[in-house]
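Excluded from the calculations below are hydrogen atoms, water molecules and symmetry mates; all remaining heavy atoms, backbone and side chain alike, are included.
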Amino acid sequence: MVGFQAIAGDFAAIDKASSEVIVPQTLSNSYGVFAVESFNIGVFANQLGIRVEDTTLDPQGLSSLNYVPVSASASSVWKINDSNSLNLAITRSQRAPQVQELLTNGFHDATRSFEIGNINLREETSYNLDLGYKFKSDWVRAQLDLFHNWAGDYIYQQRNGEFIDGAPVVETRQADATFMGYESKLVFPLLQNRLGAVDLTLFSDFTRGQFVNGADVPRMPPLRFGFQIDHTKGEWNTNLRLTRGEAQTHAGDNDTATPGYLLLSLGTQYQVLDLHDTDVMVFAKANNLLNENIRNSTSYLRNFAPEPGRGAEIGFRVSY
């Protein structure tokens with residue numbers, strides 16, 4: 001498969017109260033071509049991909065900026081037998097800096113911080129290795145994915161320890177970093193009869209981000225694990241989910257560590273209509289039943305606002 005993509009944009013950010021320019025008006029044009037090829041060699045299902053982009057930014061009052069990100073990937077799935085399979089993926093991904101990362105200079109309401117961009121940013125380049133294993137039988141389904149990413153010129157935002165009008169100053173920076181971690185899941189079918197089907201899922205995920213100088217990458221999620229019980233009968237689906245999030249002590253320079261938490265949620269949904277590939281669902285959710293004070297380690301607002309406390313939702317959803 002071969003494809004072409006074109007994106008044009010016009011972006012600016014202005015403080016309504018003071019008319020101060022936070023991000024100058026910037027015209028952007030991006031053109032990309034990509035190719036994907038899938039083929040089998042014996043028991044191996046393989047895929048190769050490549051993408052080349054040309055991105056130009058024209059900020060008002062400044063010189064044009066141009067980037068040419070090049071990405072490529074190779075992956076293979078080895079179906080060992082009907083129960084076991086292994087997959088391996090090797091990728092090189094590159095991206096151009098975003099307008100906000102380059103040119104922002106002002107207060108950002110959504111993050112309650114004073115953000116400073118960096119017009120000298122280069123393309124971010126990441127080399128990624130992913131290894132996965134899947135097992136399937138009548139009594140259990142298992143999945144384990146391991147990853148290790150080497151990010152060159154990784155673009156990130158970091159507090160510098162200063163404040164402007166009470167708002168923390170956040171700078172856009174670049175540095176080499178590594179990321180490693182895993183995602184895992186075990187699904188046990190517990191019951192299946194005229195009363196419906198009941199499954200127990202055990203899950204866990206973890207990501208560790210570190211700069212090559214030993215410092216911590218900011219706003220990383222903590223180790224998480226837990227279980228979910230699902231009950232399905234006809235058009236009804238109900239689940240109970242408990243997640244344990246460990247304390248995040250690797251918060252990054254000038255950021256705040258976050259404590260551990262327990263998140264208990266309950267949800268149910270009913271399929272009202274299934275017509276011509278259109279699903280209409282009604283649902284009800286009860287969130288954070290333990291009313292935990294959860295500080296999200298990936299959030300800029302962890303010191304100002306916790307995650308929502310005990311609450312409920314009722315609504316409907318249309319998928320087509």
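One distance of note links OG of Ser297 with CZ of Arg302; it measures 6.0 Å at 0.5 Å rounding. Rounded to the nearest 0.5 angstrom, Asp82 CG and Lys136 NZ are separated by 7.5 Å. A distance of 11.5 Å separates CG in Asn291 from CG in Leu264, rounded to the nearest 0.5 Å. With rounding to the nearest 0.5 angstrom, the CE atom of Met180 is 11.0 Å from the OG1 atom of Thr207.
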For this session: For side chain to side chain contact (heavy atoms under 4.5 Å, CB included), just list the numbers for Phe107 and Glu20, CA-CA rounded to whole Å, side-chain angles, deciding distance to a tenth of an Å, and then say yes or no.
Result: CA-CA 10 Å; Phe107 184 76; Glu20 178 184 359; over 6 Å; no

Exercise. Under the side chain to side chain contact (heavy atoms under 4.5 Å, CB included) criterion, do Val198 and Ile229 qualify, and how do the steps go?
Worked result: CA-CA 7 Å; Val198 178; Ile229 297 176; 4.0 Å; yes

For this session: Apply the test side chain to side chain contact (heavy atoms under 4.5 Å, CB included) to residues Leu48 and Asn46: give CA-CA distance (whole Å), side-chain angles for both, the deciding distance (0.1 Å), then the verdict.
Result: CA-CA 7 Å; Leu48 300 176; Asn46 310 293; over 6 Å; no

Exercise. Can Val2 and Val33 be said to form a side chain to side chain contact (heavy atoms under 4.5 Å, CB included), step by step?
Worked result: CA-CA 8 Å; Val2 177; Val33 293; over 6 Å; no

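Sorted by first then second residue, the side-chain hydrogen bond (donor to acceptor under 3.5 Å, both in side chains) pairs that include residues 155-164, not counting sequence neighbours, are Glu115-Gln157, Gln157-Tyr300, Asn160-Glu171.
Between the side chains of Gln94 and Thr125, a donor-acceptor pair is found at a separation under 3.5 Å. Checking Thr56 against Asn29 by side-chain atom types alone, no donor-acceptor pair falls below 3.5 Å. A donor atom on one side chain and an acceptor atom on the other are found under 3.5 Å apart for Tyr182 and Ser204. At a cut-off of 3.5 Å, with distance as the only test, no side-chain donor of Ser93 or Thr91 sits close to an acceptor on the other residue.
Using a 4.5 Å cut-off between side-chain heavy atoms of Ile, Leu, Val, Met, Phe, Trp and Tyr, with links allowed through other members, Leu62 and Leu102 fall into the same hydrophobic cluster. In terms of hydrophobic clustering, with Ile, Leu, Val, Met, Phe, Trp and Tyr side chains grouped at heavy-atom distances under 4.5 Å, Leu131 and Trp150 are assigned to a common cluster. Trp78 and Ile41 are members of different hydrophobic clusters when ILVMFWY side chains are connected at heavy-atom separations under 4.5 Å. Cluster annotation: Trp139 and Leu186 are assigned to the same hydrophobic cluster (Ile/Leu/Val/Met/Phe/Trp/Tyr, side-chain heavy-atom contacts under 4.5 Å, transitive). Hydrophobic clustering of Ile, Leu, Val, Met, Phe, Trp and Tyr side chains at less than 4.5 Å, counting indirect connections, unites Leu57 with Leu121.
Counting heavy atoms from C-beta on, the side chains of Met220 and His250 never come closer than 4.5 Å. Between Arg95 and Pro69, every side-chain heavy-atom pair lies at or beyond the 4.5 Å cut-off. Taking 4.5 Å as the limit, every side-chain heavy atom of Arg141 sits out of range of all side-chain heavy atoms of Gln143.
In plain terms, the two heavy atoms of Thr258 and Asn296 that are nearest each other are CG2-C, 4.4 Å.
Salt bridge annotation for Arg51-Glu53: present, with a cationic side-chain nitrogen under 4.0 angstrom from a carboxylate oxygen.
Tested against Phe179, the residues Phe206, Phe147, Tyr154 include a single ring-ring contact (aromatic ring centres under 6.0 Å, His included) partner, Tyr154.
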